[in-house]
Each structure stands twice: as C-alpha cells, then as structure tokens.
Undergrad: 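What follows is a single structure, and I will ask about it in a moment.
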Amino acid sequence: VMTKVTIYKNVKNECVGFQVFGHAGYAEEGEDIVCAAISVLTINTINAIDTFTDVSVSLETDEEQGLIRYKVLDKPTKETTLLLETMCLGLSSMVEDENYAEYIDLKFEEV
C-alpha cells in the first residue's frame, strides 16, 4: 500500500496541478504521519492558491479512495508556480527520506 502522487507539468515544465491517490499504509488510520504530511502539503497548496490568486481551477476529491485531483485551468502565474513547486519540494523530501520512501510514489506527467 502506498500513496501515488502525480505532478502535472505543462510543455514549459511548469507545475500546473497534481493527483494524489490512495492511502500510505504507514500506520493505522488516524495515526498515519505519511498520509497526514501528504494531506497537509496538498490541501495547504490548494487553499493558498485559492486565497492568494485569482486563477480558475478544477478540483475533484474522494475521501474514501484518498483521491485529490487538482489543476490550474488558467495560464500558470508566478504565484501558482511557486506554491505548487513548494508542495513538490515537500513531497520530494519525503520520497528521499528512507523512512517514508516506500509509502509514497512520486512521478511527473506532461499534460
């Protein structure tokens, strides 16, 4: 069991969204620090883009499946790119940590 994270990048290699799917399986529900960290990074990014920018986005969620699919529909701005890249930095740090690497699959996809 692991959480699969796909970062969406455009042809200019700008981050324009992401999909998170599944539960990490690091610990029991409610005690899973990997799931909690992924949730904080992704949900905070969504909230920050909503609060600090005026871009149009699409958001699809399914809590039971552990699904968040999020895309910036407008042209990426300096702010959206910075916020999404900051999220990617946090997720990449988790993947690089040997304690958590087996619980998160991080990949990049051109959209």
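Fair warning: this is a prediction, and the values are worked out from it, not measured in the lab.
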Undergrad: Which heavy atom of His23 sits nearest a heavy atom of Gly66, and at what distance?
TA: NE2-N, 3.7 Å

Undergrad: Just verifying a value: how many Å separate Ile104 CD1 and Lys4 NZ, rounded to the nearest 0.5 Å?
TA: 11.0 Å

Undergrad: Taking Ser92 for its side chain and Cys88 for its backbone only, find out whether a donor-acceptor pair lies under 3.5 Å.
TA: yes

Undergrad: Kindly give the heavy-atom pair with the smallest separation between Asn10 and Pro76, and that separation in Å.
TA: ND2-CG, 3.7 Å

Undergrad: Should we count CG of Asp54 as having more than 12 external heavy atoms under 6.0 Å?
TA: no

Undergrad: Please answer whether the main-chain N or O of Leu67 pairs with a side-chain N or O of Asp62 as donor and acceptor at a distance below 3.5 Å.
TA: no

Undergrad: In terms of hydrophobic clustering (I, L, V, M, F, W, Y; side-chain heavy atoms under 4.5 Å; direct or indirect links), are Phe21 and Phe18 co-clustered?
TA: no

Undergrad: Salt bridge between Lys71 and Glu60, side-chain N to carboxylate O under 4.0 Å?
TA: no

Undergrad: Between Val5 and Thr3, is any pair of side-chain heavy atoms under 4.5 Å apart?
TA: yes

Undergrad: Should Glu85 and Lys9 be marked as a salt bridge (charged side-chain N to carboxylate O under 4.0 Å, His left out) after you check the CA-CA gap, both sets of side-chain angles, and the distance that decides it?
TA: CA-CA 10 Å; Glu85 291 293 343; Lys9 296 234 175 184; 3.2 Å; yes

Undergrad: Hydrophobic clusters here meaning ILVMFWY residues chained together by side-chain heavy-atom distances under 4.5 Å, can you tell me if Val20 and Val95 are in one?
TA: yes

Undergrad: Could you check whether any side-chain N or O of Thr81 sits under 3.5 Å from a backbone N or O of Lys78, counting only pairs where one atom can act as donor and the other as acceptor?
TA: no

Undergrad: Can you check whether Val16 reaches Val111 side chain to side chain, under 4.5 Å on heavy atoms?
TA: yes

Undergrad: Would you check if Ile33 and Tyr100 make a side-chain contact, meaning some heavy-atom pair closer than 4.5 Å?
TA: yes

Undergrad: Minimum heavy-atom separation for Asp32 to Ala24, with atom names?
TA: OD2-CB, 3.7 Å

Undergrad: After noting the C-alpha distance and the side-chain angles of Thr77 and Leu82, does the key distance pass the side chain to side chain contact (heavy atoms under 4.5 Å, CB included) rule?
TA: CA-CA 8 Å; Thr77 66; Leu82 177 63; over 6 Å; no

Undergrad: If you count every heavy atom of other residues, nucleotides or ligands that lies below 6.0 Å from Glu29 atom CD, does the total exceed 12?
TA: no

Undergrad: Does any non-hydrogen side-chain atom of Ile7 lie less than 4.5 Å from one of Leu91?
TA: yes

Undergrad: With heavy-atom distances below 4.5 Å as the criterion, would you say the side chains of Arg69 and Tyr8 are in contact?
TA: yes

